[in-house]
Amino acid sequence: MATALTGGEVVSAIATKLKAGFSTDEAKKLYKDKPAQGMVKPCFFIHQLNHDTTAEMKDRAQKDYLIDIRYHPSDADTEAFTTMGMIQEKLCSVVDEITVVSQSVKAKSLKSQIVDGVLHTIVSYSFKVVKQPVEYPLMETVEITERVN
């Protein structure tokens, strides 16, 4: 079970898998934050859509992350839909399982669609987590003395 899990760690784990799974010809850049200008294509853009936490027994919970991985093909690609179809197949196999906080997690669901010439792959991951107990400082010994005046 993971502890202190964040959405940034999930996005970073996906980015690591994409860098290892795709060549620079398939995707020249990988963005986790939207570039201000001058996006280099073809590229991937990873965006966390949603995060849900469901409390379970005592100090346990389930965290679900919904991530959108967008693929922007090159503007010069004359067969962009064919390219996106091939990228989609490979993308689903690459991100089907990721490792976050030394825990291997399989995707709960994978869905893809092409909207306005951009491939969107929506992937959902579910993690079981244990909340760390809050540590309070130890109290010091108090000495009480009584005195009558």
Side-chain angles (χ1 to χ4, degrees), residues 1-140:
M1 292 193 176
T3 58
L5 181 66
T6 66
E9 290 171 317
V10 176
V11 169
S12 292
I14 293 169
T16 301
K17 290 286 291 216
L18 291 176
K19 285 179 185 176
F22 288 91
S23 69
T24 54
D25 291 336
E26 294 169 312
K28 296 191 184 307
K29 283 289 223 176
L30 177 77
Y31 298 102
K32 289 195 250 180
D33 294 314
K34 188 170 183 162
Q37 57 183 319
M39 184 165 62
V40 178
K41 296 179 184 179
C43 65
F44 285 108
F45 177 75
I46 307 169
H47 179 70
Q48 179 182 335
L49 296 176
N50 202 356
H51 165 247
D52 293 318
T53 301
T54 305
E56 293 181 348
M57 295 174 55
K58 195 177 176 183
D59 57 351
R60 299 177 188 277
Q62 177 173 314
K63 287 190 173 191
D64 296 315
Y65 291 93
L66 191 63
I67 310 290
D68 181 10
I69 305 169
R70 296 189 331 229
Y71 175 76
H72 296 261
S74 171
D75 293 334
D77 190 350
T78 57
E79 298 178 351
F81 283 94
T82 303
T83 302
M84 285 188 279
M86 291 186 300
I87 292 293
Q88 183 257 344
E89 291 293 329
K90 188 173 181 180
L91 177 61
C92 286
S93 66
V94 167
V95 299
D96 185 44
E97 190 170 335
I98 61 172
T99 302
V100 180
V101 192
S102 303
Q103 178 185 4
S104 182
V105 178
K106 190 159 177 58
K108 189 174 174 180
S109 68
L110 282 158
K111 298 176 185 176
S112 295
Q113 65 181 0
I114 297 173
V115 179
D116 295 331
V118 176
L119 172 67
H120 292 265
T121 300
I122 310 296
V123 60
S124 174
Y125 296 101
S126 185
F127 299 87
K128 298 285 186 183
V129 295
V130 177
K131 295 178 186 173
Q132 295 296 323
V134 178
E135 298 208 12
Y136 297 102
L138 296 175
M139 294 186 68
E140 296 180 15

Minimum heavy-atom separation for Y71 to P42, with atom names?
OH-CB, 3.2 Å
Residue list, side chain to side chain contact (heavy atoms under 4.5 Å, CB included) with T53, at least two apart or on another chain
H51, A61, K63
Side chain to side chain contact (heavy atoms under 4.5 Å, CB included) filter on S126, not counting sequence neighbours, yields Q62, D64, K108
Derivation of the side chain to side chain contact (heavy atoms under 4.5 Å, CB included) call for V118 and F45
CA-CA 10 Å; V118 176; F45 177 75; over 6 Å; no
Which residues pass the salt bridge (Lys or Arg N to Asp or Glu O under 4.0 Å) test with [X], not counting sequence neighbours?
{"X": "D25", "answer": "none"}
{"X": "K29", "answer": "none"}
{"X": "K41", "answer": "D75"}
{"X": "D52", "answer": "none"}

Does anything in residues 12-33 form a ring-ring contact (aromatic ring centres under 6.0 Å, His included)? List the pairs, not counting sequence neighbours.
F22-F44
Separation between [atom1] of [X] and [atom2] of [Y], rounded to the nearest 0.5 Å:
{"X": "L49", "Y": "S124", "atom1": "CG", "atom2": "OG", "answer": "10.5 Å"}
{"X": "K111", "Y": "I122", "atom1": "NZ", "atom2": "CD1", "answer": "9.0 Å"}
{"X": "E56", "Y": "K131", "atom1": "CD", "atom2": "NZ", "answer": "10.0 Å"}
{"X": "L119", "Y": "Q113", "atom1": "CG", "atom2": "CD", "answer": "9.0 Å"}
{"X": "T121", "Y": "L110", "atom1": "OG1", "atom2": "CG", "answer": "7.5 Å"}

Worked verdict on F127 versus V10 for side chain to side chain contact (heavy atoms under 4.5 Å, CB included)
CA-CA 10 Å; F127 299 87; V10 176; 3.9 Å; yes
Show every donor-acceptor pair shorter than 3.5 Å between a side-chain atom in residues 81-95 and any protein atom, with sequence neighbours excluded, or say none if there are none.
from, atom 1, to, atom 2, distance (Å)
T83, OG1, D77, OD2, 2.7
T83, OG1, E79, O, 3.1
Q88, NE2, S112, OG, 3.4
K90, NZ, G21, O, 3.1
K90, NZ, E26, OE1, 3.0
K90, NZ, E26, OE2, 3.1
S93, OG, K90, O, 2.8

All side chain to side chain donor-acceptor pair (under 3.5 Å) counterparts of [X], not counting sequence neighbours:
{"X": "K106", "answer": "D96"}
{"X": "K32", "answer": "S12"}
{"X": "S104", "answer": "E97"}

Verdict with supporting geometry, H47 and D68, side-chain hydrogen bond (donor to acceptor under 3.5 Å, both in side chains):
CA-CA 5 Å; H47 179 70; D68 181 10; over 6 Å; no
May I have the step-by-step check of side chain to side chain contact (heavy atoms under 4.5 Å, CB included) for V105 and V100, ending in yes or no?
CA-CA 7 Å; V105 178; V100 180; 5.5 Å; no
How would you list all residue pairs meeting salt bridge (Lys or Arg N to Asp or Glu O under 4.0 Å) that involve residues 13-23, not counting sequence neighbours?
none
